[in-house]
Each structure stands twice: as structure tokens, then as C-alpha cells.
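Numbered from 1 within each chain, the chains take letters A, B, ... in sequence-line order. As the structure is a prediction and not an experimental result, all values here were calculated from the model.
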2 protein chains.
Amino acid sequence: MEKLLNTFKVLSDETRIRLLILLYHKRLCVCELCGVLGESQPKVSKHLAKLRDMGFVKDERKEQFIFYYLNMNNSVLITTLQNIICNIDEFPILAKDLKKLETAEEFIKECKAK
Amino acid sequence: MEKLLNTFKVLSDETRIRLLILLYHKRLCVCELCGVLGESQPKVSKHLAKLRDMGFVKDERKEQFIFYYLNMNNSVLITTLQNIICNIDEFPILAKDLKKLETAEEFIKECKAK
DNA sequence: TTTACATATACCCATATACGTATATTAACA
DNA sequence: TGTTAATATACGTATATGGGTATATGTAAA
């Protein structure tokens, strides 16, 4: 029950839904997530930390970047995300994020270019 | 998006999930809900008020009782409740509530008996 | 029209949450 | 080994949330 409640708590924040929808499609590093969302690094990192602590995402370092990806062990979460994606047109912010996701590699290149 | 976030906020509270799962099965008055949940009347009423204000349930007076029932216009909510019910055995509290619901009429009879 | 009962609300408190800013950490590289 | 860059965390603050107790509201019955 605790996990169910936590799943919904996680989903009650716009930034976290945006992160989860992106991660549902692709494993991404923090700077890509910041770039796509247009949100500050501490804000994104803190939400990712919460998602990680609750066991909804996992992370893995690769060179200088830390990549996050969905932990698929939470069926309510996964089902819910799929449910949202099926109706993505009702949520323009999410649809816009996904469009921007197509250019996510740009952001990591930018990071490397600096 | 606002409505989506509100849907998950509503679902992040144990008392409200219990109420919604009960109301998914049957239209119930406040004293029945208090009886089945074993929770105080102000607590139940306040959560019902929140659900009503957000448009997730509706109410209707019948004699001295006020009956609550699900507003079926929120597909994410309904789908999610169904999803929970499909896995009800993972959530013993909810399963217990449903068993107790079979005797809900007892509670309204008790009210009238006073 | 007074009383009783079902339900709603107000008020207070404790706790949780989100955010921005500043700073710490860690790995890569010069 | 010192510096840079990516990411994480600490701290302070403002706000939201849930619960209990007391009380208000409104309908029903006496």
C-alpha cells in the first residue's frame, strides 16, 4: 500500500511526470533532462533523487555523465505512464517535451563542447 | 494537466483511495463510509468534500442521508481504480474494506436505529 | 417549534513539500 | 595533483496537507 501511495505522490508533481514520460522513451543523462525540460539542474537532480530513492528509476554513470532510466518493476507506474502516453494530446506540455526529446543529443553535445 | 495532477494528488492519500474504491462498487452515504473505514466522521467528510470540490465524486441527499457516488468523467481516475482493483490482493486494506462493504447496510440501519 | 441526528466546516497544530541559492562531491583530464 | 565539469546535496523559506476537536448547518421527527 505504501508503494502504491508513493507511486501516486511521485506522479502528483508536474516536473516528475515530465521526467518519467521522457525516461519511458529513452535513457537520458541529467544535462539532457535539464535541456529538454528547460529546468534548473538542482531542481531536476532533486526530483531524480526522489525518484531514485523511491525505487522508480535507476542511474548509471558513463564517462562524465550519469544516465537515468526507468525501473520497470512497478506495474502501476508503468501502466499509468502508458495510459498518459495514449492520451498525450490532452497534455501539451508532455507532447512538447517528447518533440524536444528528438533533439536531446544536441544537449549532451553542448555539454561536451564547453 | 492540472486535472491529471489533481487526480494523482487525490490518489496519494490512503483514506481517499479507500473511499474511491468503495464508491467504485456502490453509492454510499457518509455514515456507511465511516462505518466501513472505521474512521471519524469529520475526517471522512473532509476527504469527501475534497473529492467533490475536485469533481471526482458527486453527492445527493436522500431523506436524512447524503449519498456519494463516483463521477465517471475522469478516465485516468477510473482506469487507475480498475487497475488497483485488478490487483486488489496486493492491498489487504482495500480487500478488507470490500469485504466489510458487503455489510454496509448494517451501518445505515444502525444510524436509523438510534 | 423544539429536539435530535447526519453531515459540513472552522480552527489549530504538526508535518511534508517544493523551490532557489549556495556549496559539496566526484570523476576526467591537463 | 590541481582544475574543470557534471551532478548531488544542504539550508532556508514559503506553502500545502492531514488530522483532531469543537461547532455550525440543515433536515426530520416529536
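- Looking at Arg52(A), Arg18(A), Glu39(A), Arg16(A) one by one, the single match for side chain to side chain donor-acceptor pair (under 3.5 Å) with His47(A) turns out to be Arg16(A).
- One can place CZ of Phe8(A) at 19 Å from C1' of dG18(D), the figure rounded to the nearest angstrom.
- Relative to the side chain of Asp13(A), the nucleotides dA6(C), dC19(C), dT21(C) differ in distance, and dC19(C) lies closest.
- When each of Arg16(A) and Lys62(A) is assigned the nucleotide of DNA chain C with its nearest heavy atom, Arg16(A) is the one assigned upstream, toward the 5' end.
- The base of dA28(D) does not come close enough to the side chain of Glu63(B) for any donor and acceptor atom to sit less than 3.5 Å apart.
- Nucleic acid contact class of Lys46(A) (heavy atoms, under 4.0 Å, all strands): base.
- For Tyr24(A) and Gln82(A), the side-chain atoms include at least one donor-acceptor pair closer than 3.5 Å.
- When rounded to the nearest whole Å, the span between CD of Gln64(B) and P of dA8(C) equals 14 Å.
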Evaluate the criterion side chain to side chain contact (heavy atoms under 4.5 Å, CB included) for residue pair Tyr69(B) and Leu28(B); output intermediate values, then yes/no.
CA-CA 7 Å; Tyr69(B) 57 98; Leu28(B) 292 160; over 6 Å; no
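- Phe67(B) places its CZ atom 16 Å from the P atom of dT27(D), with the value rounded to the nearest Å.
- For the pair Arg27(A) and Phe67(A), the cation does not sit on the ring face, since its NZ or CZ is not both under 6.0 Å from the ring centre and inside 45° of the axis.
- Within the 4.0 Å cut-off from OP1 or OP2 of dT17(D), not a single side-chain nitrogen or oxygen of His47(B) is found.
- Checking dG19(D), dG20(C), dT21(C) against every side-chain atom of Lys43(A), the shortest atom distance belongs to dG20(C).
- Relative to the side chain of Asp59(B), the nucleotides dA8(C), dA8(D), dA6(D) differ in distance, and dA8(C) lies closest.
- The side chain of Gln41(B) has dA8(C) as its nearest neighbour among dT9(C), dA8(C), dA22(C).
- Considering every non-hydrogen atom in both Gln41(B) and Cys34(B), the closest pair reads CA-SG, 3.5 Å.
- Residue contacts shown for Lys50(B) are limited to sugar-phosphate atoms, with no base heavy atom under 4.0 Å away.
- Tyr68(B) comes within 4.0 angstrom of the backbone, heavy atoms only, and of no base.
- If you measure from atom CZ of Arg61(A) to atom C1' of dA6(D), you get 7 Å, rounded to the nearest angstrom.
- Going from atom CG of Leu11(A) over to atom C1' of dT17(C) covers 16 Å, rounded to whole Å.
- Closest approach to the Arg52(A) side chain among dA8(D), dT7(C), dT9(C) is made by dA8(D) (side chain taken as heavy atoms from C-beta onward).
- Nearest to the side chain of Phe65(A), among dA6(D), dT7(C), dA22(D), sits dA6(D).
- Between the CD atom of Glu60(A) and the P atom of dA27(C) there is a distance of 14 Å, rounded to whole Å.
- Note: CG (Leu51(B)) to P (dG18(D)) measures 10 Å, nearest angstrom.
- Taking only side-chain atoms of Thr15(B), from C-beta outward, the nucleotide of dA8(D), dG19(D), dA6(C) with the closest atom is dG19(D).
- Minimum atom distance to the side chain of Val30(B) is reached by dT7(C), of the listed dT9(D), dT7(D), dT7(C).
- In this structure, the CG atom of Leu28(A) is 11 Å from the P atom of dT7(D), given to the nearest Å.
- Side-chain contact check for Asn71(B) versus Val57(B): every heavy-atom pair is 4.5 Å or farther apart.
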